[in-house]
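Taking it in order: structure first as structure tokens, then the write-up.
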Amino acid sequence: MKLGNTNDEASALPENKALTLGTKYTGTVSAVKNENVYEAQYFTVNDSSYSEGDSYIISYSLSNADDFRQVATQSNLNNWSWGDAKKVWAGDGLPNGQEVAGSFTAASAGSGISFKIRLDSPTAEATPGDSVELSLTNLTVVKVTNTDSITLPESMAINKDRKYSGAVSAVKDGGSWNVQYFNVNDSAIDTGDMFKISFKISGASAFKQLAVQSNVDGWGWADAPKMWKNDGIADGTTFSAVIKATQDCDKITFKLWFDNPVDETFDTTPVAMTLTDLQIKDIAPVADLGEAYKNHFAVGAAVSASMIDDVEYQHIIKSCFKTITAENEMKPDALLNQKASQEAAEADADAEPVLNLEYSGMSKILDFAKDNGLKVRGHSLLYAQQTPDWFFNEGYTANGAKVDATTMEARMESYIRQVIEFVDTNYPGVVTAWDVVNEALDNDGTVKSDNWSDIMGDDYIATAFFYANYYAPEETKLYYNDFNMEESAKKAAFLALAPSFDRIDGIGMQEHISLTYPTVANIGAAVDAYKTAGLDVQITELDVQIEADETVEAQTDRYEALFTMFKSKSDKISNVTLWGIDDGTSWRKAKRPLLFYSDLTQGFW
């Protein structure tokens, strides 16, 4: 995680340059001139063997190489081929802190991994000497095993990170059926360690319940991760669970249990099943940001319904955050049901809009929050950009004429009432705040021209707050949410507009920002201004985007400066929400904006 982990400090680079997989090193090396390039001595990695398709990611930050334009990492896995080497090129010299990363894949099985660093293309014709001392920071070698499944061995002895596929048999034992023990090689773990088990299963449709039990949690049936299907476990169903060790163990042993046959007269014959992509992987501990800042403000993250289906995301969400925000699942385009609304309008031209509520992605997120003691920011009731055009048309049809202002206000009231009442009835106390209106102002402070304002006029914003106040519980706070709210014109216009609202409790400042803009001081000054006006502030959509030539270290410094400022103003700020979990699922994934990398590994501070 880019906010850092105090348990992940870099070790001193050993003199013999013998490295351990997954360990972070910092130190100096000497690059010696060899013909036209400068080479650092070989690094070796203590991984005894590798298989065809296994890959190694080598990464580090480089300093003191500003007299060169090119740096490359080369490995014996690619026969030291210069053409295939992973390179970084800088036109005017390599800046201090230059990040270098390369991935090398084994063409065949073997043993003994070595790599070296090469510098080329000096910025001046004269060489700087026979050698140059380089500074390497956070040098790390990570192994990525072949992603293809291999055949599950009869012994059920498997390795971590490998994927296995094959046939198994569930045999009746007492009142349940179980598959023989799986043993994980070389997997000694300590109390508190966690691992993820996942697979797809076919042939288990005769049962309603599947659970994994492991020796690391004492084989406790009550605590075993379970899957329950009232109509049987369909072929191809994915099962996954994160299991936490409650005791030290020399190795991981686990088994699969099946219970509650669909047919109560089910006989005791062993049941043949197929597992696909069975995998065991370690889950690293993560910094609990919610706990770290609990005395200052709540820390949250935007999530999707698909994340709620993944136990690894569940682990991160529950471990790191106190609040969650639905990235899209609570917006109007996710909740409105056009077909049902049209059918209602055919019977009654003034029919209220019909919403998908109980069986929506919103419910999945709210259920997860309720079950795990998390609070939710409701995002958002009115958002023109993600409200379908048909909602504003006669008969709720795609090509109908626009309705009049009176009809549109009735639809607004109905929509706000239905959403708030559903949430308050089924999830009391879970949603603590609503973004009543989202992104309604242009940067000059004027109200945007959109379906809402074109039909109802600029006062639609105040009308939305009137109905939100009418239907929302008093303890549920109401916010206006927008970007660039630290800009002077937009800030001034909003502060002039807000007193006209029936009730507004605060302002949501989005903060999708770069390394340099806006400044921390400008954001802080806006926080002060809103608080002076009697408004609570929530940082609702924070991410820090970086360009290809910018470093994660600089991004980390930016995050640290922001959180330091937020902490200093915690009497004015009640919530800071990151807009997502990891780079790979971010709306700006190319800009690498979030605290976790795409593979859910932690960054660094």
Side-chain angles (χ1 to χ4, degrees), residues 1-5 7-32 34 37-47 50 54-78 80-82 84-90 93-105 113-122 131-144 284 546-557 583 592 596-599 601-605:
M1 190 172 63
K2 296 169 188 173
L3 277 179
N5 185 336
N7 297 321
D8 193 19
E9 301 294 338
S11 300
L13 186 65
E15 290 185 7
N16 64 1
K17 306 301 185 291
L19 311 181
T20 299
L21 277 173
T23 299
K24 191 181 295 182
Y25 297 93
T26 295
T28 58
V29 296
S30 180
V32 181
N34 179 12
V37 297
Y38 283 71
E39 296 184 347
Q41 74 175 85
Y42 296 110
F43 296 78
T44 60
V45 183
N46 68 338
D47 197 25
Y50 50 85
D54 286 352
S55 296
Y56 294 82
I57 300 172
I58 302 165
S59 61
Y60 52 91
S61 295
L62 178 71
S63 296
N64 301 336
D66 49 316
D67 288 329
F68 299 87
R69 297 188 181 96
Q70 190 174 41
V71 58
T73 307
Q74 293 179 278
S75 172
N76 64 322
L77 289 174
N78 66 345
W80 307 109
S81 168
W82 176 256
D84 294 333
K86 310 300 178 180
K87 304 183 184 70
V88 172
W89 178 273
L94 296 162
N96 286 339
Q98 174 66 61
E99 289 189 346
V100 185
S103 176
F104 301 88
T105 301
I113 304 155
S114 300
F115 68 98
K116 59 186 175 183
I117 297 168
R118 297 183 63 167
L119 299 171
D120 197 9
S121 302
S131 66
V132 59
E133 294 294 310
L134 305 176
S135 177
L136 302 182
T137 305
N138 295 325
L139 169 64
T140 311
V141 183
V142 178
K143 184 177 183 179
V144 182
I546 55 176
E547 303 298 330
D549 60 345
E550 295 175 331
T551 67
V552 172
E553 287 90 345
Q555 181 191 45
T556 297
D557 290 342
D583 294 341
R592 302 169 289 162
F596 287 82
Y597 296 118
S598 299
D599 61 359
T601 58
Q602 301 181 45
F604 46 87
W605 190 292

(request) May I ask you to decide if Q70's main-chain N or O and D120's side chain share a donor-acceptor pair within less than 3.5 Å? (result) no

(request) Could you check if a side-chain atom of L13 sits within less than 4.5 angstrom of a side-chain atom of T28, using non-hydrogen atoms only? (result) no

(message) When you compare the side chain of N46 with that of L19, does any pair of heavy atoms fall below 4.5 Å?
(response) no

(message) Would you compute the distance between atom CG of L119 and atom CG of L62 and round it to the nearest 0.5 angstrom?
(response) 6.5 Å

(message) Checking side-chain contact (heavy atoms from CB on, under 4.5 Å) between L134 and each of V71, V29, L94, which is the one that passes?
(response) V29

(request) For the pair T140 (side chain) and G22 (backbone), establish whether a donor and an acceptor sit closer than 3.5 Å, ignoring hydrogens and angles. (result) no

(request) Please work out which of the three classes, parallel, tilted or perpendicular, describes the rings of F43 and F115, given edges at 30° and 60°. (result) parallel

(request) Sequence neighbours left out, what passes salt bridge (charged side-chain N to carboxylate O under 4.0 Å, His left out) with E15? Give chain and number order. (result) none

(message) So which atom in G97 and which in E553 form the shortest heavy-atom distance, rounded to 0.1 Å?
(response) O-OE1, 4.4 Å

(request) Using the side-chain contact (heavy atoms from CB on, under 4.5 Å) rule, take L136 and I117 through it: C-alpha gap first, then chi angles, then the decisive distance, then the call. (result) CA-CA 11 Å; L136 302 182; I117 297 168; 3.8 Å; yes

(request) Quick one: closest heavy-atom pair of A10 and T26, and the distance? (result) CB-OG1, 3.3 Å

(message) To the closest 0.5 Å, what do you measure between CD1 (I546) and OG1 (T556)?
(response) 8.0 Å

(message) Please report the interatomic distance CD(Q74) to OH(Y42), rounded to the nearest 0.5 Å.
(response) 9.5 Å

(request) Taking ring pair (Phe, Tyr, Trp, His ring centres under 6.0 Å) as the test, write out the residues that go with Y60, two or more places apart. (result) none

(request) List in chain and number order the residues that pass salt bridge (charged side-chain N to carboxylate O under 4.0 Å, His left out) with K116, two or more places apart in sequence or in another chain; answer none if no residue qualifies. (result) E39

(request) Check whether any side-chain N or O of S11 sits under 3.5 Å from a backbone N or O of Y25 as a donor-acceptor pair, and report yes or no. (result) no

(message) Rounded to the nearest 0.5 Å, what separates atom OG in S114 from atom CG in N76?
(response) 5.0 Å

(request) Mark yes or no for whether Q555, through its side chain, and R592, through its backbone, hold a donor-acceptor pair below 3.5 Å. (result) yes

(request) May I ask you to decide if G93's main-chain N or O and R69's side chain share a donor-acceptor pair within less than 3.5 Å? (result) no

(request) To the nearest 0.5 Å, tell me how far Y56 OH sits from I113 CD1. (result) 3.0 Å

